[in-house]
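For reference, the structure discussed in these notes is given below.
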Amino acid sequence: MTFPIETVRGDFPALALTDGRRRRIYLDNPAGTQVPRAVADAVARCLLETNANLGGFFRTTLAAGDVVDAAHDAMADFLGASSAEEIIIGANMTTLTYHMSRTLGRGWNPSDEIIVTRMDHEGNVSPWLQLAEDRGLTVHFLPFDTVSWQVEEDALSALLSERTRLVALNYASNLTGSINRVKALTARAKAVGAIVYVDAVQFAPHGLVDVQDLGCDFLACSAYKFFGPHLGILWGRRALIDTLVPYKLRCSSNALPERFELGTPQIELMAGLSAAIGYFEALGARAGADGSRRDRIAAAFAASIAYENRLAARLIEGLSAIGGLTIHGITDPARIGARVPTVSFTVEGVAPDEIVRALADENIFVWSGHNYAWEIVHQLGIAADRGVVRIGIAHYNTAAEIEETIESVTRIVGMLREHRG
């Protein structure tokens, strides 16, 4: 099918905003996407029509409960969970990971080991490092391969032992864009009885997650990275989370998932979360799917992945033509399916923030810095205080925007070099 880019863009009001008649190009998407009007409308409607706390008998509290239940149901379908009771919704991925790390670590001892990768966002590293410090655990760092740009199964196996309690993996890198073979890595970890905790924050906007197929125990993602509000979501395998005793208030519910969702929920944001999943459903219907909600979500990703990959391939091709520019990640067009459309680069002799500032002056929105990919920049020998230029494509970006961005980066790099003499 031809991807309906104009219809898609019409769903996102922010894309029509201008500054002094100058268009905006949103390529800051790995840090957070724009939202469809339906998401903003759902948040507003919840605040105006169903604004109450949970647990009462009157109309607004009952309606608020329906909003909360609907969000859990929607995320269960989005992630392929077996039950909405496996879905834990909280402030953000990092907060949820800190909470779960403390819950999991209650019974771990100094003889136990955990493995973290050098490819992960710091939100899936620091919580485990600090738990290890608190409990006296041994930490092993798993590097990624700088040829494949992925974490290799044999490298993981070399670190595993009968003492390994947890392996923390990421699905896709927020700097290199590389997608890991999570199912294969999980199988290696499960062979020694380890718990597998997956950060899918960067993958979830660009690919269909199937937690049952992956075989992992936990998987975290962030709604604001896939066109929703600022929420984090953690899926946990029912057989495991049923056995866990979380840190919680004595008088709060012991039911699932409530015992892991601390305090009053962000009910209006949950309304927006359901609307974000509804957006995927609608996109899937446009792509011709007419089955279950899960079927429509899958069709939406099939259409958007094919479209995004074309844009990413062109961006990589255009940037690769700039002398002295190094892309840190997969550049082989034949392997475009092994990455998400997040492209990071450095330019010899030019600071990343200089390029990003100049792009901002042209209303092209991208990021510089380490972007919390702390271990990646250190493994690659990139100065953490400089980092990279990061360009992140979403399915609402256009081929014309990519061409304009390539032209701007080429011109800006040349200008900065000329000024340096």
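Nothing here was measured: the structure is a model prediction, and the numbers come from that model.
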salt_bridge([X], [Y]) N-O dist < 4.0 Å:
X	Y	result
Glu317	Arg314	yes
Asp28	Arg390	no
Asp41	Arg45	no
Glu354	Arg386	no
Arg237	Glu86	no

Does any donor atom in the side chain of [X] or [Y] lie under 3.5 Å from an acceptor atom in the other side chain?
X	Y	answer
Gln150	Ser178	no
Asn170	Asn124	no
Arg102	Gln130	no

> Has Arg294 got its NZ or CZ under 6.0 Å from the middle of the six-membered ring of Phe78, at an angle within 45 degrees of the ring axis?
Replying inline: no

> Which heavy atom in Ile5 sits nearest to a heavy atom in Asn397, and how many Å separate them?
Replying inline: CD1-O, 3.5 Å

>> For Tyr372 and His121, take the angle between the two ring planes, folded into 0 to 90°, and tell me which bin it lands in: parallel under 30, tilted 30 to 60, perpendicular over 60.
In response: parallel

> Parallel, tilted or perpendicular: which describes the rings of Phe144 and Trp149, with under 30° parallel and over 60° perpendicular?
Replying inline: parallel

>> Test of understanding: with salt bridge (charged side-chain N to carboxylate O under 4.0 Å, His left out), list the residues that count as partners of Glu258, not counting sequence neighbours.
In response: none

Check: residues 216-231 side-chain donor-acceptor pairs under 3.5 Å, at least two apart:
{"from": "Asp217", "atom 1": "OD1", "to": "Lys190", "atom 2": "NZ", "distance (Å)": "3.0"}
{"from": "Asp217", "atom 1": "OD2", "to": "Lys190", "atom 2": "NZ", "distance (Å)": "2.7"}
{"from": "Asp217", "atom 1": "OD2", "to": "Val196", "atom 2": "N", "distance (Å)": "2.8"}
{"from": "Lys225", "atom 1": "NZ", "to": "Pro30", "atom 2": "O", "distance (Å)": "3.0"}

>> Tell me every residue that passes side-chain contact (heavy atoms from CB on, under 4.5 Å) with Ala184, counting only those two or more places apart in sequence or in another chain.
In response: Glu153, Arg181

